[in-house]
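Take a look at the structure set out below.
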Amino acid sequence: MSVVMLKDRAAAFEAIDGVEEGGFRDAVLRGLALPHKMIPSRFFYDERGSALFEDITRLEAYYPTRSEMAIFEGHGADIAAHLPETRALVEFGSGSSLKIRAMLKAMPQLTHYAPIDISGEMLTREAQALSADFPDLEVVPIHADFMSPVELPKELREIGKLAFFPGSTIGNLEPYEALEFLARVRDTVGTGGHLLIGVDRKKDTETLVRAYDDPEGVTAAFNLNLLARANRELEADFDLSGFAHEARYNADRGRIEMHLKSLKEQAVSIGACRFDFTEGETIHTENSYKYAPDEFRLLARAARFEPVATWTDANERFAVYLLQSEG
Ligand code: TRP
């Protein structure tokens, strides 16, 4: 049993009062008060977390980035051949610069590139670099949260659109959220529009777990950075050596789960709140759902997207799907 103990009622209310709705403090205080403790994964990406994530994508054990890149590089021309009418590429969450460059090179028919990102800084930086390298391309950055409905600028309304969502980021959503997300993308590209999406496949447990628990310990550092961030930003006193990174494959649910496991019975203070941990109790920090091709195409159809083509890498670990909106 774990309970939230308020050391001092007044101080606790003050702590909760100063909480910015939807902010890190709010999420941590609420998440750690749940019977199964959790912290939402969107808080991984502070400056340190973003740098560690970059390192993850280059790890030998983390096969998804390399496998997906091989698909875009090896099948770019074939992908482009399915899209003769497409003029605009709309990227959901920018920052995957190498992948976008591979697609832009493969698709000379494009006139517009519209990256959507919540980070204005990232958006401006990437837009400038791409404008310089693709001078004939109109770059239209859209500063927005792609998890909410996105309205496209006028110049994009009447032209053929391809949405781009690489990195198996859809796997970090619960399946019902993935369905809602696909339906919103469908609204954005409109009838006849397309979505090119990268999705990690189900495979043997060992390969999956190794990708999320690499021998170098980079993913462990990435996960533990959440607690370090709480110490830095929330006056928390997590003992980082008292928690360990854990990646498990939950075969029933078809997902990798990342947890932070308490190595001992301990209490942690965050401002005026106290959270007790039993030995072995975990904080659930992220899921990464894996889809067999048939399962993913079923999900796509449920969102009224028709699967047009599927590509996989030589080892058949990762899949890229081209879907078309049925309107
Ligand atoms: N969406 C990718 C995946 O689930 C990348 C990713 C998100 C990731 N969070 C992660 C990779 C945490 C490793 C650890 O694989």
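When a residue number appears, it is its place in the shown sequence, counting from 1. Just follow the structure's listing: the first ligand is 1, and inside any ligand the first atom is 1. As the structure is a prediction and not an experimental result, all values here were calculated from the model.
Each salt bridge (charged side-chain N to carboxylate O under 4.0 Å, His left out) pair with one or both residues in residues 168-184, not counting sequence neighbours, would appear here, but there are none. Pairs engaging residues 124-143 under the salt bridge (charged side-chain N to carboxylate O under 4.0 Å, His left out) rule: Arg101-Asp133, Glu121-Arg125 [sequence neighbours left out]. Each salt bridge (charged side-chain N to carboxylate O under 4.0 Å, His left out) pair with one or both residues in residues 212-231, not counting sequence neighbours, appears once here: Arg229-Glu233.
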Open item on the list: For a side-chain contact (heavy atoms from CB on, under 4.5 Å) check, start with the C-alpha distance between Leu162 and Leu195, then their side-chain angles and the critical distance, and finish with the verdict.
Closed with: CA-CA 5 Å; Leu162 169 67; Leu195 166 62; 5.7 Å; no
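Ligand 1 is surrounded by Tyr45, Phe53, Tyr62, Gly167, Ser168, Thr169, Asn172, Tyr212, Thr219, Phe222, Met258, Glu286, Ser288, each with at least one heavy atom closer than 4.0 Å.
Side chains of Asn172 and Arg42: no donor on one and acceptor on the other come within 3.5 Å.
For Phe296 and Tyr321, the gap between ring centers is short of 6.0 Å.
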